[in-house]
Amino acid sequence: MSELAADFQVEAVSPRQLAWIRFKRHRLAMLSGGFLIFIYLMAALCEFITPYGTDTRNVQAINAPPMSVHFFDKAGEFHLRPFVYGYDMHINADTWMRDYVENPEKRYPIYFLAKGERYEFWNLFYSDIHLFTTKEGYLHLFGTDQLGRDLFSRVFYGARVSLSIGILGVALTLFLGVLLGGLAGYIGGLVDRVVQRVIEVLQSLPTLPLWMALSAALPVSWSSLGIYFGITIILSLFGWPALARQVRGKFLALREEDFVMSARLLGAGRMRVIFKHMLPSFNSHIIATATLAVPGMILGETALSFLGIGLRPPVVSWGVLMQQAQNYQVIVLTPWLLLPGLFVVLTVMAFNLLGDGLRDAVDPYSTAGQG
Amino acid sequence: MLEIPLGSKSGIESCMNSYITRRLLGMVPTLILISMIIFVVIQLPPGDIVTSTLDRMQAQGVEVSAEQIQNLRAQYNLDQPMVLQYLSWIGNFVTGDMGYSYLFSRPVNELVWERLGYTLLITVSALLFTWAVAVPAGVYSAVRQYSVGDYVLTTVMLMGLATPSFLLALVAMYIGYEWFGISIGGLFSPEYRDVPWSLARVGDFLSHLWIPMVVVGLGGTASTMRILRANLLDELNKPYVVTARAKGVKPIKLLIKYPLRIAINPFISTIGLLLPALISGEAIVSIVLGLPTTGPALIEALINQDMYLAGSFLMLLSILTVVGMLLSDLLLAWADPRIRYE
Amino acid sequence: MGEQKIAEDNVLAIRDLAVEFKTDIGMTYAVRDVSFSVPRGKVTAVVGESGSGKSVTANCIMRLIQPPGKIVSGSIDFSPTRTDGYDIVSLSNKDPRLFDLRGDLMSMVFQEPMTALSPVYTVGNQVAEAILCHRDVSEAEAWQEAVDMLTRVGIDDVSRRIHQYPFEFSGGMRQRVVIAMALVCNPELLICDEPTTALDVTIQAEILTLIRDLQQELKNSVLFITHDLGVVAQLADQVVVMYQGRVLEIGTVRQVLKDPLHPYTRGLLAAIPGLAQKGERLETISSVVGDADLETPYPLTQMADGRQVSLSPDLLREAGHE
């Protein structure tokens with residue numbers, strides 16, 4: 001054995017370090033993690049990042065397509081400061097819709113960290129500095145909707161709501177799942193049977209119709225904030241069984257382990273055994289599972305709001321934004337209104353990949369990422 | 001474990017029969033609990049049929065006396081305690097009387113069956129589509145692990161998993177209009193919408209069915225494929241596969257008869273979990289595409305607080321799911337002898 | 001005895017076999033320069049500790065090495081009496097001879113009877129399949145042959161049990177089924193890869209007796225992989241000692257067990273509990289081997305009495321080789 005130790009540099013690493021080493025091998029998961037940090041940061045700072053507020057209307061550009069950013073003007077001259085061209089609007093004689101074409105005469109340069117619309121940041125202080133904006137004319141990178149509101153700005157304001165519902169919903173799911181699953185697995189007996197039966201029933205219900213029923217039951221008179229929390233609770237109500245099932249299984253197995261038995265013999269109370277000894281031994285699994293549960297929440301909110309029974313205007317979320325694209329005329333004439341959907345897809349994919357990577361990393365028997 | 005004295009053929013049958021009986025009996029409490037949850041859910045909105053009816057009547061300028069209100073409440077059993085209301089609702093439901101939909105001014109019975117039929121049809125065809133795509137894709141991905149094809153399939157499936165089904169439906173509409181110049185929506189062309197069934201109508205129906213089938217099915221395909229891939233990877237190098245290979249079994253037959261046959265077992269049990277997702281997807285896709293199924297009617301009933309209609313739809317969809325799960329469990333027991341003997 | 005004579009008697013001749021496995025840290029040799037022959041109608045035992053490459057060698061013979069493993073060089077000449085001989089290593093993956101070889105001309109009994117059978121097919125189905133893969137017979141005939149073979153390996157009440165699933169059998173009974181499955185086509189070479197390791201001691205003896213009796217009855221050649229020298233003494237005619245993917249010593253069972261030439265073989269023998277003096281500490285292999293060189297791959301040298309050994313020149317001279 002001594003020769004072995006001399007030949008190979010054997011380093012002692014903690015399980016957490018080992019998981020991190022394994023996780024780093026998962027390129028896509030790393031990339032997804034980076035993307036999520038980026039988009040959450042954007043959502044957190046959306047007042048600063050976006051050029052306009054959610055309800056600012058530009059009557060000169062209604063249902064206008066996304067603008068493209070230029071560096072070369074029509075004479076082929078290069079400008080270090082990027083710029084956009086303003087629109088010329090015509091009424092299409094066939095469809096009676098507005099048609100927009102870029103007018104090279106209207107050149108609007110983009111200024112960074114410049115003064116623009118006044119906003120209140122997080123209800124904390126007022127400011128009018130934006131990451132980028134134009135001094136003259138207007139700037140609609142993702143186009144505008146039928147009221148002339150800037151879609152780019154609305155997508156990031158919507159991100160704040162949709163993304164936070166994902167996290168909040170999962171936090172609530174985690175709480176319910178760990179609590180009920182833990183109780184069932186630790187106490188066993190009647191509690192276990194009841195919880196198991198409830199899990200079974202909840203898992204055999206078609207989720208969306210029930211979500212629909214519950215959110216339709218939210219009183220119209222509630223404030224935006226009330227509806228927001230109401231929807232979050234509804235989403236978590238059907239999300240916890242999967243997690244509780246997993247936690248219960250773990251608890252059943254751990255209950256027989258020696259370290260739990262010795263903690264109990266040393267006189268540790270029930271809560272102390274659960275929270276100090278049992279939970280830490282598999283909290284990394286819980287984190288991985290929770291990550292994989294976020295997409296369900298985001299997709300749920302989006303679906304409900306899209307149907308008009310989730311969040312309602314003036315609240316802006318990705319689902320609310322998608323609601324404008326209900327019928328195919330809208331989609332055919334103003335396809336950029338589907339852009340919020342792209343953000344939903346990217347975010348959900350990133351969460352799935354990150355969750356997969358985390359799960360593989362924390363599983364000591366996983367071979368994924370090798371070979 | 002050792003020597004279980006069981007007759008060969010009849011033993012399997014009696015095992016299967018007792019298993020079915022046990023599972024059927026287990027369904028009863030589940031369904032009772034589900035009916036309670038649904039009753040509570042449809043009772044949740046503030047107000048009830050009578051208050052919303054009164055609102056409408058008053059909006060039309062009709063004067064309603066206190067006595068009329070009382071009569072209306074009695075007609076809907078609203079003057080009785082909650083428990084009795086539940087019992088009379090579920091009692092009527094079990095005997096086939098689902099109440100009256102004021103939204104459509106028709107008995108609920110007349111409304112639900114056709115819509116439920118279409119829902120069932122779309123859901124089942126979506127399930128078949130999911131399988132038809134996920135099984136070959138999963139097998140390919142597992143057998144050619146880490147190949148280019150594996151990565152491409154995994155990526156496409158991940159995107160399918162991440163796309164909300166309503167967005168997929170919207171994109172299908174956009175593609176249908178832009179590329180093929182057709183408007184997708186409904187289950188029938190206008191000329192076939194209100195005519196009796198004929199061969200031509202069936203053909204027209206099938207030509208419309210494939211779009212919701214693909215849109216609803218794609219969401220489940222990703223997870224199903226990933227489950228099969230993981231299961232198959234676990235099985236591919238098990239000793240019994242090596243034994244069979246050493247016996248001289250040819251590669252394709254070996255793959256199907258040995259690892260795939262086992263990998264498909266846990267996969268069968270995922271049908272049960274897939275069904276609620278498919279029914280959910282069907283509801284929202286039908287709303288977007290304007291299909292005459294349960295989804296659009298349910299949301300209308302919910303928004304208008306048409307309690308009998310909404311409750312019946314919720315109940316029927318839940319029964320559909322529970323029966324689907326039962327069928328998947330029975331299929332599993334039939335496929336895996338270890339389960340029948342438990 | 002001349003080398004020419006031995007070659008004629010061999011059902012199998014392995015020459016310079018090398019197998020690589022691709023791992024995280026690069027390529028690893030599982031087997032290097034392995035050469036030995038399996039005499040026809042005899043029992044050849046391959047002994048060695050875990051990781052010595054004995055199972056890998058066995059899997060090569062039936063071409064069961066799967067990626068990340070790969071045969072990189074060498075030849076395995078197979079000379080069956082039923083057909084013409086060929087080199088197994090050079091067969092393509094789709095060669096029909098490969099499928100005739102597996103299960104018909106050769107077959108294998110594996111270590112784990114608990115997992116060697118598929119849990120979802122009846123025992124009869126899996127035994128009859130071995131016949132149906134190789135013979136043009138009806139299903140009924142195949143099942144009848146399966147019944148006969150299962151009776152021969154000592155399964156009672158076969159007509160009922162043939163319809164049962166593997167999980168209804170005990171470990172020993174399952175191993176009998178696996179043996180029946182291996183012998184049902186009367187192969188010329190039977191490979192047993194530690195067939196008793198996973199079984200209880202009493203069952204081990206039964207299975208060994210069964211394998212020996214059937215070998216004497218059917219007169220086929222047997223390659224027996226084991227780490228148990230007691231089993232070797234009971235069964236084998238010829239012994240091959242392997243260590244870290246190389247062959248260290250080949251000889252008759254009497255030569256190797258009574259008078260081992262290689263220090264490693266002596267170490268293996270000293271580590272058997274029954275042979276040590278009562279009250280003494282059991283020898284470990286390393287204490288017997290001492291500072292003898294196990295790492296350098298010396299070539300196998302033919303000794304005067306017909307056995308072969310891989311030793312350093314000094315030790316060879318000591319052993320009486322000139």
Side-chain angles (χ1 to χ4, degrees), chain B residues 1-13 15-16 142-147 231 233-268 331-342, chain C residues 58-59 61-64 66-67 93-94 96 98-122 124-127 129-134 156-157 159-171 173 178 181-182 184-185 187 191 193:
Chain B
M1 186 78 197
L2 257 171
E3 319 267 329
I4 305 166
L6 284 165
S8 52
K9 295 278 176 194
S10 62
I12 291 167
E13 268 167 37
C15 261
M16 202 64 194
V143 174
R144 299 253 182 281
Q145 196 188 5
Y146 302 130
S147 68
N231 288 349
L233 280 176
D234 277 349
E235 296 298 326
L236 274 179
N237 290 312
K238 286 272 175 76
Y240 69 86
V241 183
V242 183
T243 311
R245 189 179 294 125
K247 217 159 40 168
V249 184
K250 299 264 166 45
I252 301 286
K253 190 188 174 195
L254 178 78
L255 177 71
I256 294 171
K257 185 173 175 182
Y258 288 91
L260 186 59
R261 178 64 183 72
I262 302 266
I264 215 95
N265 283 346
F267 180 79
I268 290 173
L331 198 60
L332 187 62
W334 171 77
D336 191 339
R338 289 168 296 182
I339 290 182
R340 325 194 258 277
Y341 288 106
E342 259 172 21
Chain C
N59 282 316
I61 298 171
M62 291 191 71
R63 286 284 296 275
L64 295 173
Q66 292 281 306
N93 277 333
K94 294 205 166 99
L98 196 58
F99 297 98
D100 290 340
L101 177 147
R102 290 177 182 158
D104 190 15
L105 297 172
M106 246 185 226
S107 60
M108 196 153 168
V109 175
F110 295 90
Q111 185 172 353
E112 280 284 341
M114 306 310 272
T115 51
L117 293 165
S118 170
V120 293
Y121 299 109
T122 59
N125 180 324
Q126 297 186 61
V127 177
E129 185 185 35
I131 306 162
L132 290 167
C133 277
H134 302 290
D156 300 325
D157 196 7
S159 55
R160 181 174 68 87
R161 302 217 64 177
I162 198 164
H163 295 293
Q164 291 188 346
Y165 291 92
F167 62 87
E168 297 172 67
F169 285 69
S170 66
M173 283 295 150
V178 174
M181 206 162 79
V184 77
C185 287
I191 303 171
D193 187 0

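Per chain, numbering begins at 1; letters A, B, ... match sequence-line order.
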With a 4.5 angstrom heavy-atom cut-off, is it the side chain or the backbone of Phe99(C) that approaches chain B, or both, or neither?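 Both parts, heavy atoms under 4.5 Å.
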
Under 4.5 Å heavy-atom distance to chain B, tell me which part of Gln111(C) shows up: side chain, backbone, both or neither.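 For Gln111(C), no heavy atom lies under 4.5 Å from chain B.
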
Identify the heavy atoms of Cys133(C) and Lys247(B) that sit nearest to each other, and give their distance. CB-O, 4.3 Å

Minimum heavy-atom distance between Glu168(C) and Arg161(C), given as atom pair plus value: O-NH2, 2.9 Å

Against Cys185(C), only a single residue in Asp104(C), Leu105(C), Asp100(C) fulfils side-chain contact (heavy atoms from CB on, under 4.5 Å); can you say which?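 When Asp104(C), Leu105(C), Asp100(C) are each tested with Cys185(C), the side-chain contact (heavy atoms from CB on, under 4.5 Å) holds only for Asp104(C).
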
Would you confirm whether Thr115(C), through its side chain, and Pro239(B), through its main-chain N or O, come within 3.5 Å as a donor-acceptor pair?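 Judged by distance alone, no pair lies under 3.5 Å.
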
How long is the gap from CZ on Arg245(B) to CG on Leu255(B), to the nearest 0.5 Å?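 It comes to 10.0 Å.
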
Heavy atoms only, distances under 4.5 angstrom: which of [options] has the most pairs with chain B? Name it, please.
{"options": "Ile162(C), Leu64(C), Asn59(C), Val178(C)", "value": "Leu64(C)"}
{"options": "Met181(C), Met108(C), Glu112(C)", "value": "Met181(C)"}
{"options": "Ser107(C), Pro119(C), Ala182(C), Ala130(C)", "value": "Pro119(C)"}

In terms of heavy-atom pairs under 4.5 Å with chain C, which of Lys250(B), Arg261(B), Lys257(B) leads?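 Counting heavy-atom pairs under 4.5 Å, the top option is Lys257(B).
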
